[in-house]
*Asks:* 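For reference, the structure I am asking about is given below.
Order of the sequence lines fixes the chain letters, A, B, ..., with proteins taken first and strands second; residue numbering starts at 1 for each chain. Side-chain atoms are counted along with the backbone in the values below, which use heavy atoms only and exclude waters and symmetry mates.
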Protein chains: 2
Amino acid sequence: MDIPARTSVLQRVPFFGGLEEDQLATVAREAHERPLKKDETLFQQGEEATHGYVLGWGRLRLDQTTPDGQNVVLRYMGPGDLVGTVAVLRRIPFPATPVALEDGLALSWSAPRLAELMERFPKIALNAIGVIGGRIEELQARLQAIATQRVERRIASTLLRLANQSGRRTEAGVEIPFPVSRQDLAEMTATTLHTVSRTLSAWDQQGIVESRRSSHLVIRHPHRLVEIAEQG
Amino acid sequence: MDIPARTSVLQRVPFFGGLEEDQLATVAREAHERPLKKDETLFQQGEEATHGYVLGWGRLRLDQTTPDGQNVVLRYMGPGDLVGTVAVLRRIPFPATPVALEDGLALSWSAPRLAELMERFPKIALNAIGVIGGRIEELQARLQAIATQRVERRIASTLLRLANQSGRRTEAGVEIPFPVSRQDLAEMTATTLHTVSRTLSAWDQQGIVESRRSSHLVIRHPHRLVEIAEQG
DNA sequence: CACTGCAATTGCTGCAACGCAAATAAGACG
DNA sequence: CGTCTTATTTGCGTTGCAGCAATTGCAGTG
């Protein structure tokens with residue numbers, strides 16, 4: 001990918017928001033490219049955070065594993081998202097593992113480079129605060145949801161969030177354009193794949209969603225889900 | 001409080017870490033003082049974030065209320081903690097309400113002042129990233145706990161965390177030096193006050209904790225709690 | 001000192017959701 | 001085209017925990 005191409009990717013990255021075209025070009029020049037194949041991991045939870053990444057295209061799932069082997073899906077990430085950069089800035093090991101859901105490409109900068117960039121462009125540090133703050137908000141929202149809502153409602157909210165973040169409009173409804181297994185949904189909503197399966201089956205029969213095996217999820221009637229999410 | 005006194009408070013604030021004595025004095029000079037009485041709120045969730053605060057002394061409980069009236073305790077805060085500052089930097093309304101658990105004092109800076117300080121001392125922006133990152137970590141840990149552990153274990157972990165953050169060693173064990181109601185614990189561990197009550201009663205009878213009505217919580221045998229927390 | 005109000009305790013009941021297990025379907029691969 | 005593997009469905013039994021309600025105990029107030 002040449003520098004102008006990289007630059008245009010970086011233009012859509014909030015982390016670099018407010019930088020001039022030529023400044024972005026500078027940033028772009030100093031990046032390394034890291035191609036990603038489906039199912040590949042960008043790095044491993046626990047590794048030393050030597051590089052920070054920006055996802056150019058593709059999709060990632062961010063997994064966190066507990067000491068006793070349980071898994072939690074922290075978030076899904078798409079083009080323009082920051083991956084692992086917070087860990088680099090805080091000088092702590094990566095707290096989670098990003099897994100590629102499809103082929104993609106990430107741009108990376110080494111830890112010293114990042115520090116240098118932030119020093120040269122103070123705007124970046126402010127942007128970082130905004131990005132991280134957004135994640136805090138999201139985490140707090142999920143915490144609240146898990147703490148106070150019951151499973152059906154959480155699943156509905158999660159589907160709607162996925163649809164808003166990455167849904168594609170089709171004649172049949174809103175489609176979620178990457179594979180999401182029952183296990184994934186279970187780990188996102190803090191329940192079991194059994195319960196997710198039952199819930200989706202029920203919704204499928206009611207015509208709210210289309211969730212046949214192995215095809216992408218389609219939400220036929222988002223407003224029905226909204227009803228469930230808002231007050232179940 | 002005079003400037004040297006303020007300065008010595010700020011020395012223990014990670015947000016201002018790495019600043020020179022005279023720089024801290026500058027920061028201190030530009031602060032406003034805000035005395036706090038027990039049960040008073042520093043600001044209200046939803047208000048515009050015009051000022052950022054640092055807690056000089058005293059203790060706060062940070063509450064978040066859902067649209068439907070449910071309450072979640074986000075965290076307890078003590079001297080040196082940052083309150084509401086993230087919201088100021090992100091230019092969003094305060095996402096939660098800090099309630100004073102005892103008389104205390106906060107220092108505050110207006111939004112423009114804070115922006116100016118960060119510009120003048122870029123180190124502050126980096127510190128902010130560190131502080132916020134720490135909160136993300138804590139939130140993720142809680143998310144994991146709620147998602148994968150059962151109630152007894154979560155209560156044990158929460159008590160241990162409180163003890164580590166603010167516990168005082170006494171002959172009887174480790175004391176938590178501010179009042180924590182069953183309701184509070186319930187909101188922290190995502191359960192009901194009933195279940196918390198039952199659990200603490202059981203532990204009290206087993207001699208693990210001392211949790212009589214209206215006296216401060218005392219953890220007699222932290223290691224027993226650790227056992228419960230680590231593998232229940 | 002009695003009264004009032006709030007926090008905590010505790011027994012009981014019901015249910016949402018978990019866990020197991022067996023059946024089923026669908027891709028993947030040779 | 002058959003076989004293997006993996007994801008999903010679904011029935012059934014179990015249970016952790018919430019929800020309700022009645023009681024108790026403590027603290028502050030007049």
Side-chain angles (χ1 to χ4, degrees), chain A residues 38-39 61 68-73 99 101-102 145-159 176 178-206 209-218 228 231-232, chain B residues 37-39 61 66 68-73 99 101-102 145-156 158-159 176 178-206 209-218 228 232:
Chain A
K38 184 166 166 5
D39 294 329
R61 190 188 61 224
D68 56 317
Q70 296 249 41
N71 204 53
V72 176
V73 176
V99 184
L101 298 173
E102 55 191 51
I146 296 182
T148 67
Q149 301 169 8
R150 46 191 55 173
V151 172
E152 197 186 33
R153 211 173 147 182
R154 303 204 301 263
I155 299 178
S157 311
T158 303
L159 287 187
I176 292 170
F178 49 91
V180 180
S181 73
R182 315 289 142 143
Q183 181 66 34
D184 291 337
L185 276 173
E187 286 168 1
M188 278 188 280
T189 51
T191 178
T192 61
L193 79 164
H194 309 275
T195 301
V196 172
S197 180
R198 284 180 247 268
T199 306
L200 286 188
S201 295
W203 288 347
D204 188 306
Q205 285 186 5
Q206 294 167 43
V209 303
E210 196 174 303
S211 73
R212 298 281 170 66
R213 295 163 185 274
S214 79
S215 65
H216 286 175
L217 260 160
V218 177
I228 296 171
Q231 206 271 338
Chain B
K37 283 212 166 45
K38 186 166 170 351
D39 294 329
R61 190 189 59 223
T66 62
D68 56 317
Q70 296 248 39
N71 204 54
V72 177
V73 176
V99 184
L101 297 174
E102 55 192 50
I146 296 181
T148 67
Q149 301 170 7
R150 49 189 55 173
V151 172
E152 198 185 34
R153 210 172 150 183
R154 303 204 299 264
I155 299 177
T158 302
L159 287 187
I176 291 170
F178 49 90
V180 182
S181 73
R182 316 288 143 148
Q183 182 66 34
D184 291 338
L185 276 173
E187 286 168 3
M188 278 188 279
T189 51
T191 178
T192 61
L193 79 165
H194 309 274
T195 302
V196 172
S197 181
R198 284 179 248 268
T199 307
L200 286 188
S201 294
W203 287 347
D204 188 306
Q205 287 186 3
Q206 294 167 44
V209 304
E210 196 174 305
S211 72
R212 298 282 170 66
R213 295 163 185 274
S214 81
S215 66
H216 287 176
L217 261 159
V218 177
I228 296 172

*Asks:* What nucleotide, of C:dC12, C:dA8, C:dA17, holds the atom closest to the side chain of A:Thr195?
*Replies:*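 Selected nucleotide: C:dA17.
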*Asks:* Measure CZ/B:Arg182 against P/C:dA7 and give the value in whole Å, please.
*Replies:*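 Those two atoms, CZ and P, are 12 Å apart.
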*Asks:* In whole angstrom, give the distance that lies between atom CG of A:Asp204 and atom P of D:dT9.
*Replies:*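 Nearest whole value for this atom pair: 8 Å.
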*Asks:* Using only atom types and a distance under 3.5 Å, with no angle test, would you say the side chain of B:Asp204 pairs donor to acceptor with the backbone of B:Ser201?
*Replies:*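 No; zero donor-acceptor contacts below 3.5 Å.
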*Asks:* Can you measure A:Lys38 atom NZ to C:dA28 atom P for me and round it to whole angstrom units?
*Replies:*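 Distance check: A:Lys38 NZ to C:dA28 P gives 9 Å.
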*Asks:* Let me confirm one number: the CD-CE distance from A:Gln183 to A:Met188, rounded to the nearest 0.5 Å.
*Replies:*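 The CE atom of A:Met188 is 10.5 Å from CD of A:Gln183, to the nearest 0.5 Å.
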*Asks:* Can you find a heavy atom in the side chain of B:Thr66 that is under 4.5 Å from one in the side chain of A:Gln149?
*Replies:*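 Result no, sub-4.5 Å side-chain heavy-atom pair not found.
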*Asks:* Using atom NE2 of A:His194 as one end and atom C1' of C:dA17 as the other, report the distance to the nearest whole Å.
*Replies:*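 That distance rounds to 11 Å.
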*Asks:* Can you measure B:Arg212 atom CZ to D:dT24 atom C1' for me and round it to whole angstrom units?
*Replies:*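 It works out to 15 Å between those atoms.
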*Asks:* May I have the distance from B:Asp39 (atom CG) to D:dG28 (atom C1'), rounded to whole angstrom?
*Replies:*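 These atoms are roughly 14 Å apart.
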*Asks:* Give the rounded distance in Å between these two atoms: CG of A:Leu217 and C1' of D:dA7.
*Replies:*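 Those two atoms, CG and C1', are 14 Å apart.
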*Asks:* Between the two ends of the helix from C:dC1-D:dG30 to C:dG30-D:dC1, what is the bend in degrees, rounded to 10 degrees, where each end axis spans five pairs?
*Replies:*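 Here the local axes at opposite ends form an angle of 40°.
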*Asks:* Please determine, for the side chain of A:Arg198, which listed nucleotide (C:dC18, D:dC17, C:dT9) has the closest atom?
*Replies:*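 Within the option list, the nearest is C:dC18.
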*Asks:* Without swapping roles, check the side chain of A:Arg154 against the backbone of A:Thr189 for a donor-acceptor pair under 3.5 Å.
*Replies:*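 Side chain of A:Arg154 to backbone of A:Thr189, a donor-acceptor pair under 3.5 Å: yes, one is there.
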*Asks:* So, OP1 or OP2 of C:dC18: does either fall under 4.0 Å of a side-chain N or O from A:Thr191?
*Replies:*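 Answer is yes, contact under 4.0 Å.
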*Asks:* Whole-Å distance between C:dC18 C1' and A:Glu187 CD?
*Replies:*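 Checked: the CD to C1' distance equals 15 Å.
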*Asks:* Just compare C:dC18, D:dC17, D:dG19 and give me whichever is closest to any side-chain atom of B:Thr192.
*Replies:*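 Looking only at side-chain atoms, B:Thr192 lies closest to D:dG19.
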*Asks:* Using 0.5 Å steps for rounding, measure from the CD1 atom of A:Ile155 to the OG1 atom of A:Thr199.
*Replies:*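 It is 4.0 Å, given to the nearest 0.5 Å.
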*Asks:* Keeping the roles fixed (side chain from B:Ser197, backbone from B:Leu193), state whether a donor-acceptor pair exists under 3.5 Å.
*Replies:*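 Pair absent, no side-chain N/O of B:Ser197 close to backbone of B:Leu193.
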*Asks:* Could you measure the distance from the OG1 atom of A:Thr192 to the CG atom of A:Leu185? Nearest 0.5 Å is fine.
*Replies:*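 Result: 11.5 Å between the selected atoms.
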*Asks:* Tell me what A:Ser197 touches on the nucleic acid: a base, only sugar-phosphate, or nothing, going by heavy atoms under 4.0 Å.
*Replies:*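 It contacts base atoms.
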